[in-house]
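Below is one structure, written out as structure tokens, with a few remarks after it.
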Amino acid sequence: MTEAADRQMRLAAGGLALLLVTGFLGGAFATLLGVGGEAPPLRALASDPYLRGVVGFTLLQASLSALLSVAGAVPLALALHRTRFPGRFLVLRIFLLPQALPVLVGALAIVTVWGRNGIVSDILAATGLPRLDLYGLPGILIAHVFFNLPLAARLMTARLDEVPAESWKLAAQLGLPPLSLFRIVEWPALRLAIPAAVSLVFMLCVTSFTLVLVLGGGPGATTLEVEIYQALHFDFDPPRAIALALAQIGLTAAVLAISLMLGGAPTGGFTLGAQARRYDRGTGLSRLLDGGVLLLALLFILSPFAAILIDGLRADLMRLAVDPVLGRAALTSLAVGLAAATLSLVLALSILMATTRLRRPSSRRRSAAKRIRRLLASAGDIAAGLVLVVPPIVVGAGWFLALRGVADVFAIAPLLVVATNAVMALPFLLHIVGPPLAAADRRNDRLARSLGLTGFARLRHVEWPEIRSPVGLGFAFAMALSLGDLGAIALFGSQDFITLPFLLYERMGSYRTRDAAGLALILGLICLALMVLAERGLRRPEPSR
Amino acid sequence: MRIAPLVRFALAGAALALAGPATAAEGSKPVLTVYTYESFVPEWGPGPKIETAFEAECGCDLQFVGLEDGVAILNRLKLEGASTKADVVLGLTTDLVPEAKATGFFADSGVDLKPLTIPGGYADPVFVPYDYSYLAFVYDTETVKNPPRSLDDLVEGDPNEKIAIEDARTSTPGLGLLLWMKSVYGDEADEKWERLSRRILTVTPGWSEAYGLFTKGEVPIVLSYTTSPAYHMIEEKTERYQAAAFTEGHYLQIEVAGRLNSADHPALAQRFLQFMLTPQAQDVIPTTNWSLPAARTASSLPEAFSKLVKVETPLSIDPETVARNRRAWTQEWLTAVGK
């Protein structure tokens with residue numbers, strides 16, 4: 001294969017993957033529009049004062065959540081990177097767990113810690129202080145920071161891990177004090193991850209639904225996603241649902257474009273915490289500060305998990321574990337998760353192959369053309385990220401309508417769940433695998449070209465060894481996301497298609513809260529095990545000395 | 001290079017996931033498919049017992065498909081249109097009946113409703129009630145020493161004693177409370193909601209979230225049903241959770257079933273609807289669906305049911321009126337509570 005053919009293949013694969021994703025999402029909208037028979041009432045919605053309030057609140061809570069999560073993640077990432085402590089490996093994995101938890105489980109865990117009768121309130125009351133009032137904007141923000149601060153911190157530690165070992169050595173030889181080290185080495189690396197972290201968290205919070213309703217204290221706290229659900233579920237009004245969904249996507253795209261202009265391309269990623277060795281010892285004061293940050297952050301992040309653990313242990317775990325229904329649900333969940341993660345990985349790698357090729361520096365081109373190609377690559381990143389704000393209920397309903405005549409509805413249900421989950425995991429995979437792939441490409445491009453390596457041979461021998469660990473992490477994360485997802489399944493329930501979160505909600509819905517707590521623990525442990533296994537299994541072999 | 005086994009594992013998993021739902025054909029028996037809500041189906045729900053009993057006499061294969069709730073069932077029908085596999089739908093509340101009829105999917109039941117013992121009676125050519133329940137505020141006796149004795153008590157009570165309710169936009173009990181307030185207070189409902197909102201800790205999207213907060217001890221009073229304490233007394237052997245009896249009466253929620261005119265086995269579907277009113281089927285309802293039987297049971301109800309709140313004044317608003325006004329009333333509710 002020639003170099004040109006290699007380029008074409010990469011671009012074609014990436015283009016095809018993007019086309020599939022947009023086709024999948026766009027097709028759903030088109031079908032729903034077709035059945036509604038009328039244009040989405042965009043103008044009418046824009047002039048509705050109530051909806052304008054909802055939009056305002058949606059953007060407000062999402063912006064605040066994103067800013068708080070990222071502001072908290074900066075000191076945490078620094079402290080995590082500077083400090084070694086027992087359990088650090090596990091902590092970094094637990095940081096990805098909130099994303100994989102069914103939202104209701106997370107919400108109840110937060111109430112256990114921060115609620116009126118939660119642990120913090122009990123401590124306050126014991127010292128004669130008033131109990132916390134969680135419900136309202138504060139509750140929403142606490143929950144969103146719990147779900148997203150760890151994610152942002154991991155995006156940032158990954159950037160710190162990419163700092164070459166030479167920089168740390170040099171800094172140590174020069175005897176840089178902590179502040180200078182921060183200014184010269186750490187901050188420039190961190191800064192790169194901030195736009196990615198802000199935009200990712202923002203998108204995740206825009207679509208918040210259960211958390212906003214449960215912790216928002218009343219219908220005054222309502223997001224567009226709630227309105228979309230109501231329009232499609234309670235009112236069965238597809239044109240309105242589509243108009244609201246389009247508004248949600250458009251608004252998010254606008255905010256992202258602004259953040260892109262301010263902060264550069266939204267690519268950041270996590271790697272594995274297998275970092276270059278640091279030689280700086282810090283001063284007594286800086287170590288004390290880092291220790292304080294770590295203690296507070298870990299208390300904040302781990303306490304809801306402790307609540308889930310304690311609640312779960314109170315359940316009759318033995319009975320649950322031997323229940324054949326649980327076994328079947330776990331198998332179905334794992335199968336769906338595997339399929340979704342595989343599909344998502346294939347899509348992500350195809351897109352990344354194309355965008356890294358577009359970003360690859362080439363001496364022969366004019367700079368204008370270069371800029372266009374980079375812009376194209378960034379647009380690809382944004383477009384892929386936007387799938388996070390496409391409501392799954394709209395996608396599910398659309399495809400259900402499209403396929404009902406041609407296929408067995410019970411048979412398409414699992415297919416749709418797999419496809420929806422795969423697409424929803426895509427932005428995370430791009431963030432996890434993208435940066436290391438780009439780095440590998442930059443480092444090895446000349447060598448690979450001089451050896452005439454192209455196509456799959458190049459992928460296998462050049463890129464794969466460097467991205468296998470992030471691929472493992474990304475794969476496990478995508479699987480965990482899918483394992484905790486209920487979204488698409490509620491619409492397609494059928495007696496043979498039962499997943500773990502479905503089982504959990506079913507028990508919550510029939511007074512069996514204790515069983516549900518046990519299931520939440522089991523689900524969390526499965527996700528954690530997956531992440532540890534995948535990262536261990538695909539870790540790069542240590543170079544032999 | 002260890003990607004190959006990973007991919008192989010994943011593909012095998014995918015194949016398994018996709019092959020899973022293929023339904024095993026049980027000989028040549030006709031299959032009767034019933035769409036219902038998800039808590040009807042599991043081993044502790046009414047589903048399995050109803051299935052065993054009906055299959056013993058019908059020579060058919062009864063299959064339940066569990067969906068989120070009554071609204072989800074109706075949406076699923078709208079999405080599937082004529083291609084639906086459902087023969088029977090079980091689990092709509094009467095509030096949904098006008099909307100269900102408007103779809104034109106339902107056929108007359110042909111069922112004799114004489115066995116019904118529902119308070120106030122029920123007559124409809126299309127839908128067959130199979131159980132009912134009353135909305136109620138359930139409280140924790142360990143923290144609530146003076147439970148409210150009326151809706152007025154609740155509205156005017158101590159703002160520091162919090163309640164959790166469900167959202168009228170997204171849940172059946174949430175809409176039920178809106179109607180309950182409307183039937184008691186009429187045009188003054190919005191003012192009363194404003195008063196009540198001082199006591200509302202939070203408004204959850206569904207029953208599960210609110211009841212979860214309640215059993216967690218986060219909130220001492222929750223909107224649920226008069227039958228909820230029966231679950232705790234029978235399954236958990238505790239009388240800690242009780243429903244408050246309100247002097248104005250309680251809102252009545254009737255659950256109905258109907259058969260589709262696209263049913264593959266119309267006669268079988270009719271037989272199933274009729275079966276739901278037999279004492280044999282009604283016996284199953286109370287301790288599995290935690291609601292009250294719509295017709296005579298074969299054996300008397302468990303003792304715990306005699307300790308439940310006895311409702312003297314069932315309240316209800318005619319479903320047609322609800323259908324006409326739901327949007328406006330929901331908006332009014334939003335304005336009053338959303339402040």
Side-chain angles (χ1 to χ4, degrees), chain A residues 50 104 107-108 111-112 115-118 135 209-210 213-220 226 229-230 233-234 236 325 331-332 334-336 338-339 341-342 397 400-401 404-405 409-411 413-415 418 460 464 468 475 490-491 493-497 505-506 508-513 537-538, chain B residues 1-3 6-7 9-11 13-14 16-18 20-23 38-39 41-45 63-68 71-72 75-76 78-81 83 85 162 167 169-170 197 200-205 207-209 211-213 215-219 228 231 235 290 334 337-339:
Chain A
Y50 168 74
L104 178 54
L108 289 179
V111 165
T112 312
R116 263 173 79 251
N117 289 315
Y135 301 86
F209 177 130
T210 304
L213 283 184
V214 172
L215 299 173
V226 177
Y229 179 81
Q230 188 199 354
H233 187 79
F234 239 44
F236 201 73
V325 179
L331 275 182
T332 308
L334 281 173
V336 169
L338 272 173
T342 309
F400 204 94
L401 274 175
R404 64 176 180 184
V409 285
F410 293 159
L415 281 177
V418 166
R460 176 173 169 179
W464 173 246
R468 53 191 287 162
F475 190 83
L491 198 63
S494 79
Q495 76 178 150
D496 300 299
F497 188 58
Y505 276 86
E506 194 179 65
M508 281 297 290
S510 21
Y511 297 100
R512 288 167 166 77
T513 36
L538 282 178
Chain B
M1 189 70 188
R2 267 194 277 174
I3 196 168
L6 193 72
V7 169
F9 186 42
L11 291 180
L16 195 72
L18 304 182
T23 37
E38 59 190 32
S39 61
V41 188
E43 76 262 23
W44 62 75
Q63 298 202 346
F64 289 109
V65 175
L67 299 164
E68 201 178 340
V71 184
N75 283 340
R76 174 71 170 254
K78 289 179 188 168
L79 283 175
E80 290 183 351
S83 70
K85 284 196 173 179
K162 294 293 181 189
D167 200 311
R169 296 171 295 173
T170 50
S197 67
I200 298 176
L201 182 70
T202 193
V203 182
T204 67
W207 179 90
S208 304
E209 291 88 357
Y211 214 79
L213 287 174
T215 48
K216 230 177 183 1
E218 176 68 3
V219 64
S228 300
Y231 173 83
E235 295 286 327
W290 304 103
L334 264 180
V337 185
K339 279 176 187 161

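Per chain, numbering begins at 1; letters A, B, ... match sequence-line order.
With a threshold of 4.5 angstrom between heavy atoms, A/Thr513 approaches chain B through side-chain atoms but not through N, CA, C or O. Residue contact with chain A, scored on non-hydrogen atoms closer than 4.5 Å, involves the side chain of B/Lys216 exclusively. Contact annotation for B/Ser197: neither backbone nor side-chain heavy atoms come within less than 4.5 Å of a heavy atom of chain A. With a 4.5 angstrom heavy-atom cutoff, A/Leu104 touches chain B only via side-chain atoms. In this structure, the portion of B/Ser83 lying under 4.5 Å from any heavy atom of chain A is its side chain and not its backbone.
The shortest non-hydrogen separation linking B/Pro205 to A/Thr210 is CG-CG2, 4.3 Å. Closest approach of B/Thr202 to A/Gly218, counting heavy atoms only: OG1-N, 4.3 Å. Taking both residues in full, the closest heavy atoms of A/Arg116 and B/Leu201 are given as CD-CD1, 3.5 Å, listed atom of the first, atom of the second, then distance. A pairwise comparison of heavy atoms in A/Pro219 and B/Val337 identifies CD-CG1, 3.7 Å as the closest pair. Summarising the geometry of B/Ser208 relative to A/Gly509, their closest heavy-atom pair is OG-CA, 3.3 Å, with the distance given to 0.1 Å. The minimum heavy-atom distance between A/Gly115 and B/Glu218, with the atom names listed, is CA-OE2, 3.2 Å.
Considering only heavy atoms from C-beta on, B/Val203 stays 4.5 Å or farther from A/Leu213 through its side chain. Between A/Met508 and B/Glu209, every side-chain heavy-atom pair lies at or beyond the 4.5 Å cut-off. Looking at heavy atoms from C-beta onward, B/Glu43 lies in side-chain contact with A/Val325 at the 4.5 angstrom threshold.
In this structure, CG in B/Leu79 is found 5.0 Å from CG in A/Leu401, a value given to the nearest 0.5 Å. Between the CD atom in B/Glu235 and the CZ atom in A/Arg512 there is a gap of 5.5 Å [rounded to 0.5 Å]. Rounding to the nearest 0.5 angstrom, the gap separating the OH atom in B/Tyr211 from the OG atom in A/Ser510 is 12.0 Å. Here OH of A/Tyr229 is found 12.0 Å from CZ of B/Arg169. Values are rounded to the nearest 0.5 Å. The CZ atom of B/Arg76 lies 4.0 Å from the CZ atom of A/Phe400; values are rounded to the nearest 0.5 Å.
For chain B, the option among A/Val214, A/Val226, A/Leu215, A/Thr112 with the highest count of heavy-atom pairs below 4.5 Å is A/Val214. When each of A/Ala341, A/Gly118, A/Gly216, A/Gly217 is scored by its heavy-atom pairs under 4.5 Å with chain B, the top score falls to A/Gly217.
Separation of the B/Trp44 and A/Tyr511 ring centroids does not fall under the 6.0 Å cut-off.
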